[in-house]
Amino acid sequence: MTDEDVRRLLFGDDEHSGDLPVHRLVTSEASRVASPDGFHCAQACLVMAVERLGHPQRLTLAEAEQITGFRPGVETWPYAMLAWLAENGYEVRHEDALDAVALTRNPEAELRRSGLDEEALTYLMTISDFERERAAITRCLATRQVSFVPGVPDPRLLPDRLHAGWLPLLSLDAAVLTRRDRGGFEGHMVLVTATIGGYALVQDPGPPARWDWAVPLQHLATALRSPAETSGTITYVRPAKRQVAPVPGLLSAEAS
């Protein structure tokens, strides 16, 4: 996809769009991987992300389940995925209001400190296996390739991050993103592959999947900050400058 392709996707034939800079990664051609249900968005994004970043072996959704520690019926925390990425030749920057190290010590206290409302707090305490997440965070720290950046992520920085070679994965509220009536928090992950002007080009594995979807950066910010101002994360991934030896096989250290 060229810069002109991105302009046409976002603005059609508007002649004034030629004045707007495009920020995108020049990556490998990548498949579009749709989530089969509401719980495989992280796995679909992982498959698409590593393919775009030139990983030598294409992952399947089943392999992505093993890597991320998927559990049926609940959303997936990102830490096992971050550890696997770092162990397999990628540099990771994870921006989140939660302090990952503090989360390993006292999960409920850290969730409360981050400003989550009672709805989100109760939900996360119910679905989470914090012993598993503690082990995954420990793996992240051991790689020295994962930077945890506590704080509310700012999607206005996406153009600069893309320009610097990062591929962004956003965790946000699916109902807010798609402007549906919200019956409760719907954790969801999407890729951003380009920006132009005040818009992002979003790859949403769904369901339903939406490819090359033009979303205003301001609306991405709104979806990130639901249900609380401190909700939402942005994970940036790029090939590591100092390559690490890949972990044998595709399973995480914990799973193997």
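Side-chain atoms are counted along with the backbone in the values below, which use heavy atoms only and exclude waters and symmetry mates. All figures in this text were calculated on a predicted structure; none of them were measured in a lab.
Using a distance-only test at 3.5 Å, with no hydrogens or angles considered, no donor-acceptor pair links the side chain of Gln145 to the main chain of Ala240. No donor-acceptor pair under 3.5 Å is formed between the side chain of His55 and the backbone N or O of Asn88. Formation of a donor-acceptor pair under 3.5 Å by the Glu63 side chain with backbone atoms of Thr60 is found in this model. Checked by atom type and distance alone, the side chain of Arg132 pairs as donor or acceptor with a backbone atom of Gly69 at under 3.5 Å. Within the 3.5 Å criterion, the main-chain N or O of Ala142 finds no donor-acceptor partner in the side chain of Arg144.
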Decide side-chain hydrogen bond (donor to acceptor under 3.5 Å, both in side chains) for Thr233 and Asp96; before the verdict, give the C-alpha distance in whole Å, the side-chain angles of both, and the deciding distance to 0.1 Å.
-> CA-CA 5 Å; Thr233 71; Asp96 187 351; 5.4 Å; no

Please lay out, stage by stage, how Asp160 and His163 fare under the test side-chain hydrogen bond (donor to acceptor under 3.5 Å, both in side chains).
-> CA-CA 5 Å; Asp160 289 340; His163 185 69; over 6 Å; no

Glu118/Arg112 under salt bridge (charged side-chain N to carboxylate O under 4.0 Å, His left out): CA gap, chis, key distance, verdict = CA-CA 9 Å; Glu118 286 299 319; Arg112 289 189 180 280; 2.8 Å; yes

Stepwise side-chain hydrogen bond (donor to acceptor under 3.5 Å, both in side chains) test for Gln43 and Ser35 | CA-CA 8 Å; Gln43 289 73 28; Ser35 175; over 6 Å; no

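The shortest side-chain heavy-atom distance between Phe148 and Leu141 falls under the 4.5 Å cut-off. Between Val50 and Trp84 the shortest side-chain heavy-atom distance falls below 4.5 Å. At least one side-chain heavy atom of Asp212 sits less than 4.5 Å from a side-chain heavy atom of Gln203.
Under the side chain to side chain contact (heavy atoms under 4.5 Å, CB included) test applied with Leu85, the options Leu169, Thr143, Leu46, Leu53 reduce to a single match, Leu46. Under the side chain to side chain contact (heavy atoms under 4.5 Å, CB included) test applied with Leu191, the options Pro205, Pro168, Cys45 reduce to a single match, Cys45.
Glu65 has no carboxylate O lying under 4.0 Å from a charged side-chain N of Arg71, or vice versa, which leaves the two without a salt bridge. By the 4.0 Å N-to-carboxylate-O rule, Arg105 lies too far from Glu110 to be salt-bridged with it. The existence of a salt bridge linking Arg161 and Glu95 is confirmed by a sub-4.0 Å separation between a basic side-chain nitrogen and an acidic carboxylate oxygen.
Annotation: side chain to side chain donor-acceptor pair (under 3.5 Å) contacts of His188 (sequence neighbours excluded): Asp204. Every salt bridge (Lys or Arg N to Asp or Glu O under 4.0 Å) that Arg134 has, sequence neighbours left out, goes to Glu131. Remark: Asp99 pairs with no residue by the salt bridge (Lys or Arg N to Asp or Glu O under 4.0 Å) rule, at least two apart or across chains. Scanning for side chain to side chain donor-acceptor pair (under 3.5 Å) contacts around Arg156 gives Asp154, with sequence neighbours left out.
Applying the salt bridge (charged side-chain N to carboxylate O under 4.0 Å, His left out) definition to pairs two or more places apart or across chains, those involving residues 220-240 are Glu91-Arg238.
Distance check, rounded to the nearest 0.5 Å: OG1 of Thr68 to CG of Leu59 gives 10.5 Å. Considering OG1 of Thr222 and CG of Leu172, their distance stands at 10.5 Å, rounded to 0.5 Å. Remark: His94 NE2 to Thr235 OG1 distance equals 4.5 Å, nearest 0.5 Å. Annotation: the span from Tyr79 atom OH to Leu98 atom CG amounts to 5.5 Å, rounded to 0.5 Å. Considering CG of Leu121 and CG of Leu111, their distance stands at 5.5 Å, rounded to 0.5 Å. Taking CH2 of Trp77 as the start and OG of Ser128 as the end, the distance is 5.0 Å to the nearest 0.5 Å.
Through side-chain heavy atoms spaced under 4.5 Å, either directly or across other Ile, Leu, Val, Met, Phe, Trp or Tyr residues, Phe39 is tied to Phe70.
Taking hydrophobic clusters as Ile, Leu, Val, Met, Phe, Trp and Tyr residues chained together by side-chain heavy-atom distances below 4.5 Å, Leu158 does not share a cluster with Val152.
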